[in-house]
2 protein chains.
Amino acid sequence: MITLTEENYIKAIYHLGKQGSNNVSTNAIAKEMETKASSVTDMVKKLSEKGYADYKKYQGVNLTGKGRQVAIGIVRKHRLWEVFLVEKLSFSWDEVHEVAEQLEHIKSEKLIRQLDAFLNFPTHDPHGDPIPDEMGEIKKVEKILLSEVAIGEQCICVGVNDSSSEFLKYLDNNNIALGTAFVILHKEPFDNSVSIKIESKEFIISNMIANNLFVKLS
Amino acid sequence: MITLTEENYIKAIYHLGKQGSNNVSTNAIAKEMETKASSVTDMVKKLSEKGYADYKKYQGVNLTGKGRQVAIGIVRKHRLWEVFLVEKLSFSWDEVHEVAEQLEHIKSEKLIRQLDAFLNFPTHDPHGDPIPDEMGEIKKVEKILLSEVAIGEQCICVGVNDSSSEFLKYLDNNNIALGTAFVILHKEPFDNSVSIKIESKEFIISNMIANNLFVKLS
DNA sequence: AATGATTTTTAGATTAATCTAAAAATATAT
DNA sequence: ATATATTTTTAGATTAATCTAAAAATCATT
Ligand SMILES: [Mn+2]
Ligand SMILES: [Mn+2]
Ligand SMILES: [Mn+2]
Ligand SMILES: [Mn+2]
(Lines give C-alpha, C1' and ligand atoms only; values in the text may rest on other atoms or scores of the structure.)
(Ligands and ions follow the chains in the order given, each with its own letter.)
Protein backbone atom coordinates (compact mmCIF):
# COMPACT_ATOMS: atom_id res chain seq x y z
CA MET A 1 0.00 0.00 0.00
CA ILE A 2 1.32 3.40 -1.00
CA THR A 3 0.18 6.66 0.54
CA LEU A 4 -0.70 9.86 -1.28
CA THR A 5 2.30 11.56 0.29
CA GLU A 6 4.66 8.83 -0.85
CA GLU A 7 3.25 9.15 -4.36
CA ASN A 8 3.98 12.87 -4.35
CA TYR A 9 7.55 12.37 -3.22
CA ILE A 10 8.09 9.69 -5.87
CA LYS A 11 6.71 11.99 -8.54
CA ALA A 12 8.97 14.83 -7.39
CA ILE A 13 12.04 12.59 -7.46
CA TYR A 14 11.05 11.41 -10.92
CA HIS A 15 10.70 14.91 -12.33
CA LEU A 16 13.90 16.16 -10.71
CA GLY A 17 15.80 13.09 -11.85
CA LYS A 18 14.97 13.79 -15.48
CA GLN A 19 16.71 17.16 -15.45
CA GLY A 20 20.14 16.34 -14.10
CA SER A 21 20.62 12.59 -14.58
CA ASN A 22 22.58 12.20 -11.34
CA ASN A 23 21.23 11.63 -7.84
CA VAL A 24 18.47 13.88 -6.60
CA SER A 25 19.44 15.95 -3.58
CA THR A 26 17.45 16.28 -0.39
CA ASN A 27 17.31 20.05 -0.75
CA ALA A 28 16.05 19.87 -4.32
CA ILE A 29 13.17 17.67 -3.20
CA ALA A 30 12.44 19.93 -0.26
CA LYS A 31 12.23 22.92 -2.56
CA GLU A 32 10.03 21.14 -5.11
CA MET A 33 7.65 19.88 -2.44
CA GLU A 34 7.68 23.05 -0.37
CA THR A 35 8.73 21.16 2.74
CA LYS A 36 11.78 20.94 5.00
CA ALA A 37 14.93 18.97 4.27
CA SER A 38 14.52 17.01 7.49
CA SER A 39 11.10 15.79 6.38
CA VAL A 40 12.59 14.72 3.07
CA THR A 41 15.32 12.71 4.77
CA ASP A 42 12.71 10.79 6.75
CA MET A 43 10.62 10.12 3.67
CA VAL A 44 13.42 8.98 1.39
CA LYS A 45 14.45 6.51 4.08
CA LYS A 46 10.94 5.14 4.04
CA LEU A 47 10.79 5.03 0.24
CA SER A 48 14.09 3.21 0.27
CA GLU A 49 12.84 0.65 2.80
CA LYS A 50 9.75 0.10 0.70
CA GLY A 51 11.80 -0.49 -2.42
CA TYR A 52 10.79 2.60 -4.36
CA ALA A 53 14.15 4.35 -4.16
CA ASP A 54 17.85 3.84 -3.67
CA TYR A 55 19.24 6.07 -1.00
CA LYS A 56 22.58 6.41 0.72
CA LYS A 57 23.15 8.98 3.41
CA TYR A 58 24.43 12.28 2.09
CA GLN A 59 24.37 10.88 -1.47
CA GLY A 60 20.86 11.76 -2.62
CA VAL A 61 18.22 9.41 -4.04
CA ASN A 62 17.27 7.65 -7.24
CA LEU A 63 14.09 5.79 -8.06
CA THR A 64 14.27 2.03 -8.46
CA GLY A 65 12.48 0.36 -11.37
CA LYS A 66 9.51 -0.13 -9.11
CA GLY A 67 9.58 3.52 -8.09
CA ARG A 68 9.87 4.73 -11.66
CA GLN A 69 6.90 2.58 -12.61
CA VAL A 70 4.83 4.25 -9.90
CA ALA A 71 5.99 7.70 -11.02
CA ILE A 72 5.11 7.07 -14.65
CA GLY A 73 1.69 5.77 -13.61
CA ILE A 74 1.02 9.00 -11.76
CA VAL A 75 2.25 11.15 -14.63
CA ARG A 76 0.02 9.17 -17.00
CA LYS A 77 -3.00 9.78 -14.81
CA HIS A 78 -2.17 13.46 -14.32
CA ARG A 79 -1.89 14.13 -18.03
CA LEU A 80 -4.93 12.07 -19.03
CA TRP A 81 -7.04 13.98 -16.52
CA GLU A 82 -5.69 17.26 -17.88
CA VAL A 83 -6.82 16.23 -21.35
CA PHE A 84 -10.22 15.30 -19.97
CA LEU A 85 -10.64 18.63 -18.23
CA VAL A 86 -9.74 20.61 -21.34
CA GLU A 87 -11.45 18.51 -23.98
CA LYS A 88 -14.59 17.48 -22.15
CA LEU A 89 -15.13 19.97 -19.36
CA SER A 90 -14.04 23.19 -21.12
CA PHE A 91 -11.22 24.02 -18.74
CA SER A 92 -8.49 26.20 -20.16
CA TRP A 93 -4.92 24.96 -20.08
CA ASP A 94 -4.00 27.23 -17.20
CA GLU A 95 -6.74 25.85 -14.93
CA VAL A 96 -6.13 22.12 -15.09
CA HIS A 97 -2.98 21.52 -13.09
CA GLU A 98 -4.36 21.99 -9.60
CA VAL A 99 -7.29 19.67 -10.18
CA ALA A 100 -5.10 17.09 -11.93
CA GLU A 101 -2.83 17.11 -8.88
CA GLN A 102 -5.76 15.69 -6.95
CA LEU A 103 -7.16 13.38 -9.62
CA GLU A 104 -3.78 11.74 -10.29
CA HIS A 105 -4.08 9.91 -6.95
CA ILE A 106 -7.38 8.15 -7.66
CA LYS A 107 -6.74 4.44 -7.61
CA SER A 108 -8.53 2.37 -10.23
CA GLU A 109 -6.97 0.52 -13.13
CA LYS A 110 -10.25 0.36 -14.96
CA LEU A 111 -10.95 4.05 -14.50
CA ILE A 112 -7.77 5.14 -16.18
CA ARG A 113 -8.00 2.55 -18.94
CA GLN A 114 -11.53 3.62 -19.77
CA LEU A 115 -10.69 7.30 -19.51
CA ASP A 116 -7.85 6.77 -21.95
CA ALA A 117 -10.22 5.08 -24.40
CA PHE A 118 -12.90 7.73 -23.86
CA LEU A 119 -10.36 10.40 -24.82
CA ASN A 120 -9.23 8.39 -27.86
CA PHE A 121 -5.82 7.50 -26.52
CA PRO A 122 -4.30 10.97 -26.57
CA THR A 123 -0.53 11.12 -26.90
CA HIS A 124 0.01 14.58 -25.41
CA ASP A 125 -1.51 16.64 -22.65
CA PRO A 126 -2.75 20.24 -23.07
CA HIS A 127 0.76 21.56 -22.48
CA GLY A 128 2.38 19.36 -25.10
CA ASP A 129 3.81 16.86 -22.63
CA PRO A 130 3.74 13.20 -23.69
CA ILE A 131 1.30 10.79 -22.05
CA PRO A 132 2.84 7.43 -21.09
CA ASP A 133 0.87 4.50 -22.51
CA GLU A 134 -0.49 1.62 -20.48
CA MET A 135 2.88 -0.10 -20.58
CA GLY A 136 4.64 2.98 -19.30
CA GLU A 137 6.19 3.76 -22.67
CA ILE A 138 6.73 7.45 -23.31
CA LYS A 139 7.05 8.65 -26.88
CA LYS A 140 10.04 10.90 -26.93
CA VAL A 141 8.99 14.20 -28.49
CA GLU A 142 11.70 15.97 -30.38
CA LYS A 143 11.29 19.58 -29.59
CA ILE A 144 13.60 22.52 -29.19
CA LEU A 145 13.33 25.86 -27.47
CA LEU A 146 12.14 28.70 -29.65
CA SER A 147 15.20 30.62 -28.50
CA GLU A 148 17.40 28.07 -30.27
CA VAL A 149 15.79 28.30 -33.69
CA ALA A 150 17.85 29.98 -36.41
CA ILE A 151 16.73 33.13 -38.21
CA GLY A 152 14.54 32.45 -41.21
CA GLU A 153 13.32 29.06 -39.96
CA GLN A 154 9.66 28.13 -39.77
CA CYS A 155 8.40 26.22 -36.74
CA ILE A 156 5.30 25.15 -34.86
CA CYS A 157 4.61 25.48 -31.15
CA VAL A 158 4.43 22.00 -29.60
CA GLY A 159 4.81 22.64 -25.89
CA VAL A 160 5.60 24.90 -22.99
CA ASN A 161 8.55 24.67 -20.65
CA ASP A 162 6.93 26.71 -17.91
CA SER A 163 3.31 25.77 -17.39
CA SER A 164 2.51 28.30 -14.71
CA SER A 165 -0.86 29.92 -14.97
CA GLU A 166 0.78 33.32 -15.52
CA PHE A 167 2.78 32.19 -18.53
CA LEU A 168 -0.13 30.30 -20.06
CA LYS A 169 -2.37 33.34 -19.72
CA TYR A 170 0.28 35.48 -21.38
CA LEU A 171 0.26 33.07 -24.30
CA ASP A 172 -3.55 33.17 -24.47
CA ASN A 173 -3.48 36.96 -24.53
CA ASN A 174 -1.03 36.86 -27.42
CA ASN A 175 -2.85 34.18 -29.37
CA ILE A 176 -0.11 31.63 -29.01
CA ALA A 177 -1.27 28.06 -28.55
CA LEU A 178 -0.10 24.55 -29.38
CA GLY A 179 -0.05 24.37 -33.17
CA THR A 180 0.68 28.05 -33.73
CA ALA A 181 3.19 28.55 -36.57
CA PHE A 182 6.09 30.99 -36.26
CA VAL A 183 8.73 32.38 -38.56
CA ILE A 184 11.88 33.68 -36.92
CA LEU A 185 12.65 37.12 -38.33
CA HIS A 186 15.40 38.46 -36.13
CA LYS A 187 17.31 37.76 -32.94
CA GLU A 188 18.48 40.79 -31.02
CA PRO A 189 21.93 40.16 -29.53
CA PHE A 190 21.58 42.92 -26.94
CA ASP A 191 18.74 41.35 -24.89
CA ASN A 192 18.28 38.07 -26.76
CA SER A 193 14.73 39.02 -27.70
CA VAL A 194 13.30 37.39 -30.82
CA SER A 195 11.21 38.89 -33.61
CA ILE A 196 8.67 36.43 -34.92
CA LYS A 197 5.86 36.42 -37.43
CA ILE A 198 2.54 34.72 -36.69
CA GLU A 199 0.14 34.69 -39.63
CA SER A 200 1.66 37.80 -41.19
CA LYS A 201 1.62 39.65 -37.86
CA GLU A 202 4.97 40.61 -36.41
CA PHE A 203 5.87 40.27 -32.74
CA ILE A 204 8.81 40.79 -30.48
CA ILE A 205 9.07 38.35 -27.61
CA SER A 206 11.56 38.48 -24.78
CA ASN A 207 14.27 35.91 -24.26
CA MET A 208 12.37 34.63 -21.25
CA ILE A 209 9.35 33.83 -23.39
CA ALA A 210 11.46 32.27 -26.12
CA ASN A 211 13.13 30.11 -23.51
CA ASN A 212 9.83 28.66 -22.38
CA LEU A 213 8.27 27.76 -25.71
CA PHE A 214 9.01 24.42 -27.32
CA VAL A 215 8.72 24.16 -31.08
CA LYS A 216 9.47 21.75 -33.87
CA LEU A 217 10.83 22.86 -37.20
CA SER A 218 8.43 22.66 -40.11
CA MET B 1 -10.07 23.42 5.87
CA ILE B 2 -11.74 20.07 6.08
CA THR B 3 -9.92 16.75 5.92
CA LEU B 4 -10.92 13.70 3.90
CA THR B 5 -11.58 11.80 7.12
CA GLU B 6 -13.83 14.52 8.47
CA GLU B 7 -15.76 14.47 5.21
CA ASN B 8 -16.31 10.75 5.54
CA TYR B 9 -17.59 11.05 9.09
CA ILE B 10 -19.93 13.87 8.09
CA LYS B 11 -21.26 11.79 5.22
CA ALA B 12 -21.84 8.82 7.52
CA ILE B 13 -23.71 10.95 10.07
CA TYR B 14 -25.79 12.38 7.26
CA HIS B 15 -26.80 8.98 5.89
CA LEU B 16 -27.51 7.52 9.33
CA GLY B 17 -29.47 10.60 10.34
CA LYS B 18 -31.86 10.18 7.43
CA GLN B 19 -33.01 6.75 8.59
CA GLY B 20 -34.02 7.38 12.18
CA SER B 21 -34.57 11.12 12.50
CA ASN B 22 -33.22 11.22 16.06
CA ASN B 23 -29.60 11.63 17.15
CA VAL B 24 -27.00 9.38 15.57
CA SER B 25 -25.26 7.08 18.03
CA THR B 26 -21.54 6.61 18.38
CA ASN B 27 -21.85 2.89 17.80
CA ALA B 28 -23.89 3.34 14.64
CA ILE B 29 -21.19 5.57 13.19
CA ALA B 30 -18.47 3.14 14.27
CA LYS B 31 -20.26 0.31 12.48
CA GLU B 32 -20.88 2.33 9.33
CA MET B 33 -17.26 3.49 9.15
CA GLU B 34 -15.74 0.19 10.23
CA THR B 35 -13.86 1.84 13.05
CA LYS B 36 -13.96 1.81 16.85
CA ALA B 37 -16.39 3.72 19.02
CA SER B 38 -13.54 5.49 20.79
CA SER B 39 -12.29 6.88 17.50
CA VAL B 40 -15.79 8.11 16.75
CA THR B 41 -16.04 9.92 20.07
CA ASP B 42 -12.82 11.78 19.33
CA MET B 43 -13.95 12.72 15.86
CA VAL B 44 -17.43 13.91 16.77
CA LYS B 45 -15.85 16.17 19.37
CA LYS B 46 -13.71 17.64 16.67
CA LEU B 47 -16.61 18.02 14.24
CA SER B 48 -18.54 19.72 16.99
CA GLU B 49 -15.69 22.14 17.71
CA LYS B 50 -15.44 22.94 14.01
CA GLY B 51 -19.14 23.65 13.80
CA TYR B 52 -20.17 20.74 11.61
CA ALA B 53 -22.12 18.87 14.27
CA ASP B 54 -23.98 19.22 17.53
CA TYR B 55 -22.79 16.76 20.10
CA LYS B 56 -23.51 16.21 23.76
CA LYS B 57 -21.79 13.45 25.69
CA TYR B 58 -23.73 10.19 25.66
CA GLN B 59 -26.48 11.81 23.56
CA GLY B 60 -25.27 11.14 20.04
CA VAL B 61 -24.67 13.68 17.24
CA ASN B 62 -26.55 15.67 14.65
CA LEU B 63 -25.21 17.69 11.76
CA THR B 64 -25.51 21.46 11.90
CA GLY B 65 -26.67 23.37 8.85
CA LYS B 66 -23.05 23.82 7.89
CA GLY B 67 -22.40 20.10 8.33
CA ARG B 68 -25.45 19.13 6.31
CA GLN B 69 -24.31 21.42 3.52
CA VAL B 70 -20.95 19.66 3.42
CA ALA B 71 -22.65 16.26 3.43
CA ILE B 72 -24.96 17.15 0.57
CA GLY B 73 -22.02 18.48 -1.42
CA ILE B 74 -20.24 15.17 -1.04
CA VAL B 75 -23.33 13.16 -1.94
CA ARG B 76 -23.77 15.35 -5.01
CA LYS B 77 -20.22 14.70 -6.13
CA HIS B 78 -20.44 10.98 -5.40
CA ARG B 79 -23.58 10.54 -7.48
CA LEU B 80 -22.46 12.74 -10.36
CA TRP B 81 -19.24 10.76 -10.62
CA GLU B 82 -21.24 7.52 -10.60
CA VAL B 83 -23.27 8.79 -13.53
CA PHE B 84 -20.08 9.74 -15.32
CA LEU B 85 -18.55 6.32 -14.80
CA VAL B 86 -21.63 4.51 -16.10
CA GLU B 87 -22.60 6.84 -18.94
CA LYS B 88 -19.22 7.84 -20.24
CA LEU B 89 -16.75 5.20 -19.13
CA SER B 90 -18.91 2.05 -19.53
CA PHE B 91 -18.76 1.01 -15.90
CA SER B 92 -21.61 -1.17 -14.73
CA TRP B 93 -23.68 -0.06 -11.77
CA ASP B 94 -22.03 -2.53 -9.43
CA GLU B 95 -18.52 -1.20 -10.16
CA VAL B 96 -18.91 2.50 -9.53
CA HIS B 97 -19.22 2.87 -5.80
CA GLU B 98 -15.64 2.23 -4.79
CA VAL B 99 -14.24 4.69 -7.33
CA ALA B 100 -16.88 7.31 -6.50
CA GLU B 101 -15.85 7.01 -2.84
CA GLN B 102 -12.49 8.41 -3.92
CA LEU B 103 -13.69 10.92 -6.49
CA GLU B 104 -16.21 12.50 -4.12
CA HIS B 105 -13.34 14.13 -2.21
CA ILE B 106 -11.83 16.02 -5.15
CA LYS B 107 -12.08 19.70 -4.39
CA SER B 108 -13.00 21.99 -7.28
CA GLU B 109 -16.18 23.96 -7.68
CA LYS B 110 -15.63 24.33 -11.38
CA LEU B 111 -14.95 20.65 -11.88
CA ILE B 112 -18.25 19.57 -10.44
CA ARG B 113 -20.22 22.34 -12.13
CA GLN B 114 -18.77 21.42 -15.50
CA LEU B 115 -19.18 17.71 -14.91
CA ASP B 116 -22.83 18.30 -14.10
CA ALA B 117 -23.28 20.21 -17.37
CA PHE B 118 -21.31 17.61 -19.34
CA LEU B 119 -23.69 14.93 -18.06
CA ASN B 120 -26.73 17.09 -18.88
CA PHE B 121 -27.71 17.80 -15.31
CA PRO B 122 -28.78 14.30 -14.36
CA THR B 123 -31.36 14.03 -11.57
CA HIS B 124 -30.60 10.47 -10.47
CA ASP B 125 -27.56 8.28 -10.13
CA PRO B 126 -27.24 4.76 -11.59
CA HIS B 127 -28.94 3.28 -8.52
CA GLY B 128 -31.94 5.59 -8.69
CA ASP B 129 -30.78 7.90 -5.92
CA PRO B 130 -31.47 11.61 -6.38
CA ILE B 131 -28.61 14.00 -7.17
CA PRO B 132 -28.68 17.24 -5.16
CA ASP B 133 -28.53 20.32 -7.38
CA GLU B 134 -26.00 23.11 -7.06
CA MET B 135 -28.09 24.73 -4.34
CA GLY B 136 -28.24 21.51 -2.37
CA GLU B 137 -31.87 20.89 -3.23
CA ILE B 138 -32.83 17.24 -3.40
CA LYS B 139 -35.89 16.24 -5.39
CA LYS B 140 -37.82 13.90 -3.18
CA VAL B 141 -38.52 10.75 -5.19
CA GLU B 142 -41.70 8.96 -4.26
CA LYS B 143 -40.91 5.31 -4.32
CA ILE B 144 -42.06 2.27 -2.39
CA LEU B 145 -40.62 -1.13 -1.78
CA LEU B 146 -41.70 -3.82 -4.20
CA SER B 147 -42.68 -5.90 -1.19
CA GLU B 148 -45.36 -3.34 -0.35
CA VAL B 149 -47.10 -3.31 -3.71
CA ALA B 150 -50.55 -4.92 -3.81
CA ILE B 151 -51.39 -7.93 -5.98
CA GLY B 152 -52.44 -7.01 -9.48
CA GLU B 153 -50.61 -3.68 -9.50
CA GLN B 154 -48.21 -2.63 -12.24
CA CYS B 155 -45.00 -0.84 -11.31
CA ILE B 156 -41.61 0.25 -12.58
CA CYS B 157 -38.26 -0.25 -10.92
CA VAL B 158 -36.83 3.14 -9.92
CA GLY B 159 -34.12 2.29 -7.43
CA VAL B 160 -32.37 -0.18 -5.17
CA ASN B 161 -32.28 -0.17 -1.41
CA ASP B 162 -29.17 -2.33 -1.16
CA SER B 163 -26.54 -1.30 -3.66
CA SER B 164 -24.00 -3.96 -2.83
CA SER B 165 -22.19 -5.46 -5.76
CA GLU B 166 -23.72 -8.87 -5.02
CA PHE B 167 -27.29 -7.63 -5.15
CA LEU B 168 -26.72 -5.56 -8.28
CA LYS B 169 -25.16 -8.52 -10.04
CA TYR B 170 -28.13 -10.66 -9.07
CA LEU B 171 -30.37 -8.07 -10.71
CA ASP B 172 -28.21 -8.05 -13.84
CA ASN B 173 -28.40 -11.83 -14.05
CA ASN B 174 -32.17 -11.65 -13.84
CA ASN B 175 -32.55 -8.79 -16.29
CA ILE B 176 -33.85 -6.36 -13.74
CA ALA B 177 -32.70 -2.78 -14.16
CA LEU B 178 -33.96 0.73 -13.54
CA GLY B 179 -37.01 1.12 -15.78
CA THR B 180 -38.00 -2.56 -15.74
CA ALA B 181 -41.78 -2.97 -15.49
CA PHE B 182 -43.33 -5.53 -13.13
CA VAL B 183 -46.80 -6.89 -12.51
CA ILE B 184 -47.44 -8.40 -9.10
CA LEU B 185 -49.10 -11.78 -9.53
CA HIS B 186 -49.05 -13.33 -6.08
CA LYS B 187 -47.65 -12.86 -2.61
CA GLU B 188 -46.91 -16.05 -0.73
CA PRO B 189 -47.80 -15.61 2.96
CA PHE B 190 -45.59 -18.48 4.07
CA ASP B 191 -42.23 -16.94 3.15
CA ASN B 192 -43.34 -13.53 1.84
CA SER B 193 -41.96 -14.32 -1.58
CA VAL B 194 -43.51 -12.46 -4.51
CA SER B 195 -44.51 -13.75 -7.94
CA ILE B 196 -43.94 -11.13 -10.59
CA LYS B 197 -44.24 -10.87 -14.35
CA ILE B 198 -41.60 -9.12 -16.43
CA GLU B 199 -42.51 -8.85 -20.09
CA SER B 200 -44.75 -11.95 -20.04
CA LYS B 201 -42.11 -13.96 -18.18
CA GLU B 202 -43.00 -15.09 -14.68
CA PHE B 203 -40.61 -15.01 -11.74
CA ILE B 204 -40.63 -15.73 -8.07
CA ILE B 205 -38.44 -13.46 -5.99
CA SER B 206 -37.72 -13.83 -2.31
CA ASN B 207 -38.87 -11.36 0.30
CA MET B 208 -35.31 -10.21 0.69
CA ILE B 209 -35.14 -9.19 -2.96
CA ALA B 210 -38.58 -7.56 -2.84
CA ASN B 211 -37.44 -5.59 0.19
CA ASN B 212 -34.51 -4.11 -1.66
CA LEU B 213 -36.20 -2.96 -4.87
CA PHE B 214 -37.83 0.44 -5.05
CA VAL B 215 -40.67 0.90 -7.55
CA LYS B 216 -43.27 3.43 -8.47
CA LEU B 217 -46.78 2.47 -9.47
CA SER B 218 -47.64 2.90 -13.11
C1' DA C 1 45.20 20.58 4.04
C1' DA C 2 42.70 23.70 6.84
C1' DT C 3 38.77 26.69 7.30
C1' DG C 4 34.29 28.29 6.53
C1' DA C 5 29.97 27.67 4.19
C1' DT C 6 26.45 24.69 2.81
C1' DT C 7 23.93 20.55 2.90
C1' DT C 8 22.15 16.75 5.21
C1' DT C 9 20.96 14.10 9.08
C1' DT C 10 19.51 13.35 13.83
C1' DA C 11 16.97 14.23 18.04
C1' DG C 12 12.98 15.54 20.02
C1' DA C 13 8.12 17.66 19.55
C1' DT C 14 3.62 18.17 17.43
C1' DT C 15 -0.79 17.04 15.03
C1' DA C 16 -4.26 13.90 13.00
C1' DA C 17 -6.20 9.58 13.18
C1' DT C 18 -6.37 5.43 15.01
C1' DC C 19 -6.29 1.53 18.57
C1' DT C 20 -6.87 -1.24 23.33
C1' DA C 21 -8.27 -1.50 27.86
C1' DA C 22 -10.50 0.42 31.67
C1' DA C 23 -13.91 3.55 33.68
C1' DA C 24 -18.29 5.90 33.56
C1' DA C 25 -22.93 6.52 32.07
C1' DT C 26 -27.13 4.79 30.37
C1' DA C 27 -30.51 1.25 29.31
C1' DT C 28 -32.88 -3.17 30.45
C1' DA C 29 -34.89 -6.63 33.16
C1' DT C 30 -36.25 -8.59 37.03
C1' DA D 1 -35.08 -0.17 42.87
C1' DT D 2 -31.25 -2.98 42.09
C1' DA D 3 -28.44 -5.72 39.43
C1' DT D 4 -26.86 -6.68 34.86
C1' DA D 5 -25.88 -5.61 30.24
C1' DT D 6 -24.78 -2.33 26.81
C1' DT D 7 -23.06 1.89 25.20
C1' DT D 8 -20.04 5.58 25.46
C1' DT D 9 -16.15 8.00 27.06
C1' DT D 10 -11.47 8.48 28.85
C1' DA D 11 -6.59 7.40 29.34
C1' DG D 12 -2.65 6.12 27.27
C1' DA D 13 -0.08 4.18 23.04
C1' DT D 14 0.94 3.98 18.14
C1' DT D 15 1.78 5.41 13.27
C1' DA D 16 2.38 8.82 9.50
C1' DA D 17 3.86 13.18 8.38
C1' DT D 18 5.53 17.21 9.65
C1' DC D 19 8.49 20.80 12.13
C1' DT D 20 12.70 23.28 14.76
C1' DA D 21 17.15 23.26 16.46
C1' DA D 22 21.46 21.15 16.85
C1' DA D 23 25.01 17.96 15.20
C1' DA D 24 27.51 15.79 11.48
C1' DA D 25 29.12 15.37 6.86
C1' DT D 26 30.35 17.25 2.54
C1' DC D 27 31.74 20.95 -0.51
C1' DA D 28 34.34 25.04 -1.80
C1' DT D 29 38.14 28.22 -1.35
C1' DT D 30 42.16 29.59 -0.33
MN1 LIG E 1 0.03 19.54 -14.70
MN1 LIG F 1 0.45 19.17 -18.18
MN1 LIG G 1 -22.26 4.88 -4.29
MN1 LIG H 1 -25.25 5.43 -6.02
Side-chain angles (χ1 to χ4, degrees), chain A residues 1-14 16-17 19-63 67 70-71 74 101-102 104-105 107, chain B residues 1-14 16-17 19-63 67 70-71 74 101-102 104-105 107:
Chain A
M1 194 248 6
I2 188 168
T3 69
L4 185 144
T5 312
E6 287 165 358
E7 286 191 346
N8 280 332
Y9 273 94
I10 289 171
K11 187 176 54 146
I13 296 167
Y14 175 76
L16 291 167
Q19 328 280 83
S21 61
N22 27 358
N23 290 3
V24 178
S25 80
T26 301
N27 259 4
I29 298 169
K31 192 175 178 186
E32 172 86 4
M33 314 250 329
E34 298 181 334
T35 184
K36 302 292 164 170
S38 54
S39 306
V40 174
T41 301
D42 283 347
M43 182 55 82
V44 296
K45 277 183 190 167
K46 182 151 70 121
L47 292 178
S48 192
E49 277 164 22
K50 288 196 173 188
Y52 296 113
D54 288 326
Y55 164 70
K56 277 206 226 70
K57 267 190 197 182
Y58 296 101
Q59 303 308 129
V61 262
N62 273 304
L63 293 182
V70 169
I74 299 168
E101 285 289 307
Q102 299 178 62
E104 72 189 4
H105 300 290
K107 285 171 182 62
Chain B
M1 193 247 9
I2 188 166
T3 69
L4 185 144
T5 311
E6 288 165 356
E7 286 191 343
N8 280 332
Y9 273 93
I10 289 171
K11 187 176 54 144
I13 296 168
Y14 175 76
L16 292 167
Q19 328 279 83
S21 60
N22 28 359
N23 291 3
V24 178
S25 79
T26 302
N27 260 4
I29 298 169
K31 192 174 177 186
E32 172 87 5
M33 312 251 331
E34 298 182 333
T35 184
K36 301 293 165 170
S38 55
S39 306
V40 174
T41 300
D42 283 347
M43 183 54 83
V44 296
K45 277 181 190 167
K46 183 152 68 121
L47 292 179
S48 192
E49 276 164 21
K50 287 195 171 189
Y52 297 114
D54 287 327
Y55 164 69
K56 277 205 225 70
K57 268 192 197 178
Y58 296 101
Q59 303 308 129
V61 261
N62 273 303
L63 293 181
V70 169
I74 299 168
E101 285 290 307
Q102 298 178 62
E104 72 188 6
H105 300 289
K107 283 170 184 61

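Residue numbers start from 1 in every chain, and the chains themselves are labelled A, B, ... in the order their sequence lines are given, proteins ahead of strands. Values in this document were obtained by computation on a predicted structure and should not be read as measured data.
Applying the 4.0 Å criterion to OP1 and OP2 of C:dT18, one finds that B:Tyr9 has a side-chain N or O inside that range. Taking side-chain N and O atoms only, A:Ser39 has a distance below 4.0 Å to OP1 or OP2 of D:dC19. Listed pair A:Lys57 / C:dT10 meets the phosphate criterion, a side-chain N or O lying under 4.0 Å from OP1 or OP2. Using a 4.0 Å cut-off, no side-chain N or O of B:Asn27 falls inside it from OP1 or OP2 of D:dT6. Contact annotation: B:Thr35 side-chain N/O to C:dC19 OP1/OP2 distance is under 4.0 Å. Not one side-chain nitrogen or oxygen of A:Ser25 sits closer than 4.0 Å to the OP1 or OP2 atom of C:dT7.
Atom CG of A:Leu47 is separated from atom P of D:dA16 by 13 Å (rounded to the nearest Å). Residue A:Met1 contributes atom CE, which lies 11 Å from atom C1' of D:dT15 at whole-angstrom precision. As a whole-Å value, the separation of B:Glu6 CD from C:dT15 P is 15 Å. As a whole-Å value, the separation of A:Met43 CE from C:dT8 P is 17 Å. Atom NZ of A:Lys56 and atom C1' of C:dT8 are 16 Å apart (whole Å). Rounded to whole angstrom, the span from the CE atom of B:Met33 across to the C1' atom of C:dT18 amounts to 11 Å. Going from atom CD1 of B:Ile2 over to atom P of C:dT15 covers 20 Å, rounded to whole Å. For the pair B:Lys36 NZ and C:dC19 P, the interatomic distance rounds to 7 Å; values are reported in whole Å.
Picking from D:dT9, C:dT18, D:dC19 the nucleotide with the shortest atom distance to the side chain of B:Tyr55 gives D:dT9. Candidate nucleotides C:dT18, D:dT9, C:dT9 were compared by shortest atom distance to the side chain of A:Ala37, and C:dT9 ranks first. Closest to the A:Asp42 side chain, of the nucleotides D:dC19, D:dT26, C:dC19, is D:dC19.
Residue whose closest nucleotide on DNA chain D sits further toward the 5' end, between B:Lys45 and A:Thr5: B:Lys45. With the nearest nucleotide of DNA chain D identified for both A:Ser38 and A:Leu4, A:Leu4 has the one nearer the 5' end.
For the atom pair CE of B:Met33 and OG1 of B:Thr5, the computed distance is 7.5 Å after rounding to the nearest 0.5 Å. Note that CG of A:Leu47 and CD1 of A:Ile13 are 5.5 Å apart. Values are rounded to the nearest 0.5 Å. Atom OG1 of A:Thr3 and atom NZ of A:Lys50 lie 6.0 Å apart (nearest 0.5 Å).
Using a 4.0 Å heavy-atom cutoff across all strands shown, A:Thr41 reaches at least one base atom of the nucleic acid. Among the protein residues, B:Thr26 comes within range of the sugar-phosphate backbone only, with heavy atoms under 4.0 Å from sugar or phosphate atoms but none that close to a base.
Contact detail for B:Asn22 and B:Asn62: the closest heavy-atom pair is O-OD1, 3.9 Å. Considering every non-hydrogen atom in both A:Thr41 and A:Val44, the closest pair reads O-CG2, 3.2 Å.
Comment: A:Glu101 engages A:Lys11 in a salt bridge, judged by a side-chain N to carboxylate O separation of less than 4.0 angstrom.
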